[in-house]
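Here the structure comes first, spelled out in structure tokens, and everything after it is commentary.
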Amino acid sequence: MTIEKLTSNFELLGDWEERYGYLIDLGKKLPGLPDADKVEENRVHGCQAMVWLRMSRDTQNPALIRIRADSDAFIVRGLISVLMILFDGKTADEITAADVKSVFSRLGLDQHLSPTRKNGLFAMTERIRTLARGLAIEQNVANN
Amino acid sequence: MNEPKPIDWSKLRGDFPILGQQINGHPLVYFDNAATSQKPRQVLDAIRRYYEHDNANVHRGVHELSNRATDAYEAARARAAKFLNARSPEEIIFTRGTTEGINLVAATWALDHLKPGDTILLTELEHHSNLVPWQMVAQRTGAKLAFIPITGDEGTLDLSRLDAQLADGVKLLSLTHISNSMAVVNPVADICARARLAGVVTVVDAAQSAGHLPLDVQSIGCDFLAFSSNKICGPTGMGVLYGRRELLEKLSPYQGGGEMISKVEYFKTTYNVPPHRFEAGTPHIEGAVGLHAALDYLDAIGRDAIFRHDQELANYAAERLAEFKGIRIFGPKRGRAGLVSFVLPNAHALDVATMADQKGVALRAGHHCNQPLMAKLGVPATLRASFYFYNTRAEVDRFIEVLRGVVKLLGS
Ligand SMILES: Cc1ncc(COP(=O)(O)O)c(C=O)c1O
């Protein structure tokens, strides 16, 4: 799914119930992480639910970054799905350049992006960006 | 005595300007009172009046405004003493809240008296505010912690071994009066009496009981008792620590600064008498003024009546919640305080609270600053609805209806 497709799906949905219902469905379909990856070093803090995040370079094309994440709360899983559409399989530069805020505000979910909300979205976004910068630096070092 | 007039609860609700609003297009149902209560106009007016007419620093000037501010501050102390039936205003220390009150006892009495091998007795119910300060004291003094156990999902204390526990080197017992997640009302008078027989100093965390039921420190028989203003219609950043006079007189100071001294030289200081010895710096004068108005407001209603009202709502909510299949409701079957914590099957508390908020219902989701208790119950988080006298049965019905919608959406 592309972010354009997701946005137009969201626009077709009327009230918040339908939108949350859709978000929860996305959350239920999220592949998530195996239990072995649900460990402290993958934990993202700043959320009232449990959130785990793993990032790695794509095995075929090391310029691309793969993201896998999971949570015990469905809304958080739904928000993770949106982040995956935005970030998974992208380059570090694309990740750093993405305008997350405007995407979430088009989806009517921007209230979740505030650092004071306890849903982990802000913390996850920051973590993805930081890790992406780290992976990009390693990549540059390897190429030079 | 005349029969008390029936209370017009809906008229009281009208005193709370904040409650009339819509949240996300729905009437606000505020069920997070255990975290903080809303404030009636009377309290807001008192604070405004203070700033418009009487504001100055206390205990310092000889000018009229300073005298008025000092009088207002000390009148609040006397009012708080009466609220708790303390023997005198000198037994009332103003703090930032329950947390600071407990930390004050930890940093003074406990550090002065505890030695390696001594025991601090707590219960498994305690809020982090009544746990972490004692862990810190234990680390610094070499004292140990011990816990009065709970009996399961009902959350009542197992007191069958209390006397034996108390006899096991315990110097200090600190416990909550009402549990903020289990809605248990602990028999603090009985427990404190047994502690006193064992020569144990007692601290009562009254964060959830002050303003919710009548409190009398003399009949409870505790040495210290702490509560927060923000949970009982008063301003935030304000609290009360009661300390029995005989103990306060011998207590070391807490923080150093202005107000807490009687004579300062470059190399030494003679400290002020209690309670001023424990109130360094410019205090929260507006907080005291607002708290005074809040205590007047609550006592005009009657704390007995408030307790019965909140308990009825909580019992009604627990009864309605039992309609949900597979729900786990915490707290005692009888004698529940005015709140109810629960876990819905296959529905994360955060999801439920997030969606309830979309419908204007304010619930708390999380560990409620009770992480060890949640671990013991085997739940990562619970949902909590907590009530105060301005809440209504109609709001409980609304909350149940919203919850049904949320459960349906979650498909659980
Ligand atoms: C039982 C209990 N103790 C202590 C506290 C801490 O109160 P405060 O944060 O106002 O200091 C609370 C507040 O939630 C509480 O419920």
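Throughout, protein chains are lettered first and strands after them, A, B, ... in sequence-line order, and every chain is numbered starting at 1.
Looking at every heavy atom in both residues, D351(B) comes nearest to V76(A) through OD1-N, 4.1 Å. The heavy-atom pair separating L409(B) from I24(A) by the smallest distance is O-CD1, 4.0 Å.
Counted within 6.0 Å of CD on E40(A), heavy atoms from surrounding residues, nucleotides or ligands total more than 12; the atom is thus considered enclosed. More than 12 heavy atoms of other shown residues, nucleotides or ligands fall within 6.0 angstrom of atom CD in Q21(B). Remark: Q139(B) CD is loosely packed, at most 12 non-hydrogen atoms of other residues, nucleotides or ligands lying under 6.0 Å away. Annotation: R127(A), atom CZ; neighbour count of heavy atoms from other residues, nucleotides and ligands within 6.0 Å is above 12.
For A365(B), the parts lying near chain A are the backbone and the side chain together; criterion is any non-hydrogen pair under 4.5 Å.
Of the residues listed (L410(B), N346(B), L350(B)), the one engaging F74(A) in a side chain to side chain contact (heavy atoms under 4.5 Å, CB included) is L410(B), and it is the only one.
Residues H348(B) and I75(A) are not in side-chain contact: their nearest non-hydrogen atoms beyond the backbone lie 4.5 Å or more apart. Within the 4.5 Å cutoff, side-chain heavy atoms of T354(B) are placed close to those of Y20(A).
A salt bridge is defined here as a Lys NZ or Arg NE, NH1 or NH2 lying under 4.0 Å from an Asp or Glu carboxylate O, and E17(A) with K408(B) fails to meet this definition.
Contact count versus chain B (heavy atoms, under 4.5 Å) is highest, among A73(A), S71(A), A49(A), for A73(A).
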